Amino acid sequence: MNNILSIDTSTQLGQVVLLSEGKVVYEEAFISKRSHNSQIFAPLEKALNRCDGKVSLIVVGSGPGSYTGVRIGIAAGIGISMVKKIRMIGIPSICAAELKDNLTEYVFVGDARRGEKYFVNVQNHQLLSDPVIVKSDENFNNIIQDKSKPIISFENSIHPKAIETKPSAIKLAHLGNQMTNNEINELSKSTPIPLYLRSPFITKPKKIGKTGPEEGSN
C-alpha cells in the first residue's frame, strides 16, 4: 500500500498528514509560537499507528521559515526514515502553499527579519530561482508591483496585494505522490536541508578564563 507521511513545521502552524492510496486518512495541525518539538510526536505516533508503521515515503517542508521549526520537522522525518528505512525527500514549504483554483504560478513574498523581506518566483511547485532579499519596503514594493503574477504570502499585511495563505502538508503529500519512482530516488539520495534565506547566525562561545584576581593575590 502506498502510504505517504508528510510533515511541515516551517511556520507556527505545525502539520502532520498521512496519505494512503492518494487519499488523506489522517491530518492534524497544532500551533506553537516557540517550538514544535514537544507537540509533533503525538500526531506522528497517531499517523504511524493508522498505517501500522508501513510508510513508503516521507515528505517534509523545507521552508523558508523558522530556523528551529524547519529543523524540527526535518529531524523528526530523519528519525523515522532511519529507523524504518523509508525514503525521505524535502520540498520547499512555499511551493506547497494552500491555494484555490489550482494556482501553480505566483510570486511568494515573506518576512526575512532584520527589517528585510524576500520574494521568489514559484511555478509548478518549484522555485524558479533563489529567494531575493530586499532591504527596503520601497524597493520591495516597486519590484513586486512590476510582476504580473499573483502575490502569495504566509504573513499578515506584508504586501497590500498579497493573498495570505499557509503551507499545506496535504499538498506536500500529494506532490510526493505525483513523483515518479526515479524522481523520488534521486531526491532521496541526499538528506533534506532547511531552505535558509541567509546563513544561520551562530555566536562563538567565549573563552573560559578567570575574570577576577586569583585567590591569595593582593
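Computed from a predicted structure; not experimentally measured.
The closest side-chain heavy-atom distance from Lys166 to Thr11 is not below 4.5 Å. Side-chain contact between Leu44 and Ile7: present, with at least one pair of heavy atoms (C-beta onward) separated by less than 4.5 Å. Annotation: side chain of Met88 is in contact with side chain of Val60 (closest heavy-atom distance under 4.5 Å). In this structure, the side chains of Lys117 and Ile158 come closer than 4.5 Å at one or more pairs of heavy atoms. Residues Lys161 and His159 form a side-chain contact, since some pair of their non-hydrogen atoms from C-beta on lies under 4.5 Å apart. The closest side-chain heavy-atom distance from Cys95 to Leu127 is below 4.5 Å.
In terms of modelled atom types and a separation under 3.5 Å, the side chain of Thr9 and the main chain of Gly73 share a donor-acceptor contact. A side-chain donor-acceptor contact under 3.5 Å links Ser81 to the backbone of Ile86. With Glu155 contributing its side chain and Asp111 its backbone, the two residues share a donor-acceptor pair below 3.5 Å. Within the 3.5 Å criterion, the main-chain N or O of Pro167 finds a donor-acceptor partner in the side chain of Gln15.
Inspection of the Ser10 and Asp8 side chains reveals an N or O donor paired with an N or O acceptor under 3.5 Å.
Distance CG/Asn121 to OH/Tyr106: 10.5 Å, rounded to 0.5 Å. Rounding to the nearest 0.5 angstrom, the gap separating the CD1 atom in Ile133 from the CZ atom in Phe119 is 11.0 Å. Rounded to the nearest 0.5 Å, atoms CD (Glu27) and CG (Leu18) are 11.0 Å apart. With rounding to the nearest 0.5 angstrom, the CD atom of Glu98 is 9.5 Å from the CZ atom of Phe154. Of the inter-residue distances, the one linking Asn185 atom CG with Asn181 atom CG reads 4.5 Å to the nearest 0.5 angstrom. How far CD of Gln123 is from CD of Glu105: 4.0 Å, rounded to the nearest 0.5 Å.
Of all non-hydrogen atoms in Ile94 and Pro64, the two that sit nearest each other are CD1-CD, 3.6 Å. When every heavy atom of Ser129 is checked against every heavy atom of Val120, the shortest pair comes out as O-CG2, 3.2 Å. In terms of heavy atoms, Ala47 sits closest to Tyr26 at CB-CD2, 3.7 Å. Closest approach of Leu128 and Lys149 over heavy atoms only: CD1-NZ, 4.0 Å. Of all heavy-atom pairs between Ala169 and Ser6, the closest is O-OG, 2.6 Å. Minimum interatomic distance between Lys171 and Leu99 (heavy atoms only, all atoms of both residues): NZ-N, 4.0 Å.
Counting non-hydrogen atoms of other residues, nucleotides and ligands closer than 6.0 Å to CG of Asp130 gives a total of 12 or fewer. Ile163 CD1: more than 12 foreign heavy atoms inside a 6.0 Å radius. Annotation: Glu164, atom CD; neighbour count of heavy atoms from other residues, nucleotides and ligands within 6.0 Å is above 12.
Sorted by first and then second residue, the side-chain hydrogen bond (donor to acceptor under 3.5 Å, both in side chains) pairs involving residues 42-65 (not counting sequence neighbours) are Asn2-Ser56.
Met82 and Ile40 end up in the same hydrophobic cluster when Ile, Leu, Val, Met, Phe, Trp and Tyr side chains are linked at under 4.5 Å. Under the 4.5 Å side-chain heavy-atom criterion for grouping Ile, Leu, Val, Met, Phe, Trp and Tyr, Ile193 is not connected to Tyr67 through any hydrophobic cluster.
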Given Ile80 and Val55, is the side-chain contact (heavy atoms from CB on, under 4.5 Å) satisfied, shown in steps?
CA-CA 10 Å; Ile80 298 170; Val55 175; 5.9 Å; no
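Other members of the cluster containing Ile91 are Ile4, Val17, Leu19, Val24, Leu57, Val59, Ile89, Ile170, Leu172, Leu175, Met179, Ile184, Leu187, with ILVMFWY side chains joined at under 4.5 Å, either directly or via other members.
With Leu103 as the fixed residue, the side-chain contact (heavy atoms from CB on, under 4.5 Å) test singles out one of Val122, Ile152, Thr165: Ile152.
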